[in-house]
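Written out below as structure tokens is the structure these notes cover.
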Amino acid sequence: MNHKFASSGPDKFEGILEKLISSVMRGLPPGVKTEELPARVYDLRQKLIETLLEQHPPQDVEHENFLRETLPPLQVEPGPIRAAFASWRAGINAFVGLLFGAAVAQTAQLAGAFVALAALVGMTASMWLAELAGRKASGHQAKLGGWAIKKVLTWGRRIWFLLLLLAAARDFTQGRDFLNNFIIPLRDFFDSGSAQGLFNNVYWALLFIAVWFLAALRPAALDREEFAMRMRHACRHWWSGAENLAEAMEDKEIAPPSDHREAMASFTQELASFAAELDPVRRGWLEERLDGLGFAAAKSTSTMIWSQCLRETFEPVGYLAEGDCCFIDLPPLYDDDRLIRKGTVRKVRA
């Protein structure tokens with residue numbers, strides 16, 4: 001046996017496998033869809049086959065073709081698809097939660113460490129809720145709960161931003177100084193650290209809610225690390241079986257395709273002989289099946305007048321004189337217009 005891996009063991013295959021998987025992962029675009037992954041897996045299988053043929057060179061073309069056709073497919077489950085993490089989204093959710101927690105503490109007239117503790121709790125709760133909602137909406141869209149959460153997040157951000165615009169439009173049409181109403185709470189926050197004024201202001205409250213909904217809904221994306229692990233596991237399993245098959249093929253003789261063709265021709269010839277004894281309906285059905293296999297029996301009547309020119313396609317059984325009426329015992333068999341075997345005819349006895 002020809003083993004190029006024998007000197008280095010499984011470590012060399014692992015090195016080759018890592019290079020192949022790294023090449024596949026680099027070729028995946030950022031927004032790759034699960035429908036595109038089977039084609040990538042197929043390309044990986046082709047590269048594995050080429051590597052296998054390098055380690056176990058086939059005897060000839062027949063062995064190589066047989067090995068390529070016999071090797072099983074590389075089965076890798078596409079995915080998983082999960083909510084993509086983005087630092088800016090997490091930062092927004094944390095900031096909104098921190099301000100909300102501080103505002104609650106100030107409304108409850110807490111001070112000192114309690115304000116910091118409330119802000120920490122608000123930040124943690126905001127990030128946790130956003131993470132939970134994002135995963136449910138992105139990773140479980142097939143389920144009713146995930147679908148509903150996605151719709152709530154999608155339409156929620158639109159509705160809150162729309163309410164913010166409507167509030168500003170209302171104040172503008174009524175002649176109110178909506179710009180100062182928007183700036184004053186922010187100035188108080190920087191001057192005294194009062195987050196309560198931000199949430200008491202309709203503009204800032206609507207803005208915080210809309211931004212939280214915006215950051216919570218995260219796009220779904222392929223978990224690349226998990227998909228790479230799936231490919232590694234599938235490739236190791238595939239390679240183990242493929243290498244065993246290649247080793248078994250090194251000393252195996254493969255019958256040429258022509259032998260199979262001739263064996264099939266002989267078998268269909270026997271079927272054609274059997275068809276000659278059937279009634280026209282059954283004989284026609286069997287001849288159609290032979291035509292589908294590429295072995296066409298000549299369509300002719302059951303009797304004919306014998307002449308010497310018919311010897312090219314028929315072999316007489318017994319003595320036949322010119323002009324004798326004969327029965328077609330077995331029609332000739334053709335393969336793509338090539339005569340495989342002559343038919344046989346017998347004289348019709350009075």
Side-chain angles (χ1 to χ4, degrees), residues 1-85 135 138-143 219-264 267 293:
M1 292 185 295
N2 186 346
H3 287 284
K4 291 186 179 181
F5 288 163
S7 59
S8 56
D11 293 339
K12 186 172 182 179
F13 170 69
E14 290 295 328
I16 294 177
L17 178 60
E18 286 302 319
K19 291 181 180 179
L20 293 178
I21 291 181
S22 298
S23 176
V24 173
M25 298 306 296
R26 285 195 304 269
L28 294 179
V32 62
K33 299 180 180 179
T34 54
E35 294 81 4
E36 303 175 20
L37 297 180
R40 309 285 180 167
V41 174
Y42 177 80
D43 294 339
L44 177 59
R45 177 182 178 271
Q46 296 302 109
K47 295 178 181 178
L48 285 173
I49 291 177
E50 297 302 327
T51 303
L52 181 69
L53 294 177
E54 291 179 3
Q55 312 313 319
H56 301 274
Q59 299 178 11
D60 46 38
V61 177
E62 285 76 13
H63 280 75
E64 179 179 346
N65 293 337
F66 180 82
L67 189 61
R68 288 181 181 273
E69 295 173 358
T70 308
L71 288 172
L74 180 62
Q75 297 181 348
V76 182
E77 183 181 357
I81 302 298
R82 291 177 178 153
F85 177 80
R135 285 186 177 274
S138 301
H140 304 279
Q141 295 182 21
K143 297 183 179 180
L222 173 69
D223 188 333
R224 292 173 173 263
E225 293 184 2
E226 179 65 24
F227 183 62
M229 288 297 297
R230 291 182 181 183
M231 286 196 295
R232 289 188 189 95
H233 178 74
C235 288
R236 293 188 187 108
H237 181 74
W238 184 91
W239 182 267
S240 177
E243 197 171 30
N244 292 335
L245 178 61
E247 292 175 359
M249 286 295 302
E250 290 180 356
D251 301 324
K252 183 178 180 180
E253 294 293 335
I254 300 179
S258 58
D259 291 351
H260 295 289
R261 190 71 177 178
E262 294 298 331
M264 190 65 184
F267 176 67
L293 294 173

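Values below: every heavy atom of this structure, side chains too, minus hydrogens, waters and symmetry copies.
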* Can you check side chain to side chain contact (heavy atoms under 4.5 Å, CB included) on Ile49 and Trp238, steps first, answer last? -> CA-CA 10 Å; Ile49 291 177; Trp238 184 91; 3.8 Å; yes
* Residues Leu20, Leu44; criterion side chain to side chain contact (heavy atoms under 4.5 Å, CB included); working and verdict -> CA-CA 7 Å; Leu20 293 178; Leu44 177 59; 3.7 Å; yes
* To do: Decide yes or no on side chain to side chain contact (heavy atoms under 4.5 Å, CB included) for Met229 and His233, but give the supporting numbers first.
  => CA-CA 6 Å; Met229 288 297 297; His233 178 74; over 6 Å; no
* To do: Please lay out, stage by stage, how Ser22 and Met25 fare under the test side chain to side chain contact (heavy atoms under 4.5 Å, CB included).
  => CA-CA 5 Å; Ser22 298; Met25 298 306 296; 5.8 Å; no
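Residue-environment remark: CD (Glu50) exceeds the threshold of 12 foreign heavy atoms within 6.0 Å. Heavy atoms of other residues, nucleotides or ligands lying less than 6.0 angstrom from CD of Gln75 number 12 at most.
With hydrogens and angles ignored, the 3.5 Å screen pairs a side-chain donor or acceptor of Arg224 with a backbone N or O of Leu28. Within the 3.5 Å criterion, the main-chain N or O of Val24 finds no donor-acceptor partner in the side chain of Arg40. Using a distance-only test at 3.5 Å, with no hydrogens or angles considered, a donor-acceptor pair links the side chain of Arg45 to the main chain of Pro72. At least one donor-acceptor pair closer than 3.5 Å links the side chain of Thr51 to the backbone N or O of Lys47.
Taking every heavy atom of both residues into account, Ala234 and Leu74 meet most closely at O-CD1, 3.6 Å.
Within the model, atoms CZ of Phe13 and SG of Cys235 stand 6.5 Å from one another, a figure rounded to the nearest 0.5 Å. For the atom pair CG (Leu17) and CG (Leu48), the distance works out to 7.0 Å, reported to the nearest 0.5 Å.
Side-chain contact check for Val32 versus Leu37: some heavy-atom pair is nearer than 4.5 Å. Counting heavy atoms from C-beta outward, Phe227 and Val41 have side chains that approach closer than 4.5 Å.
Taking 4.0 Å as the cut-off between side-chain N and carboxylate O, Arg236 and Glu14 count as a salt-bridged pair.
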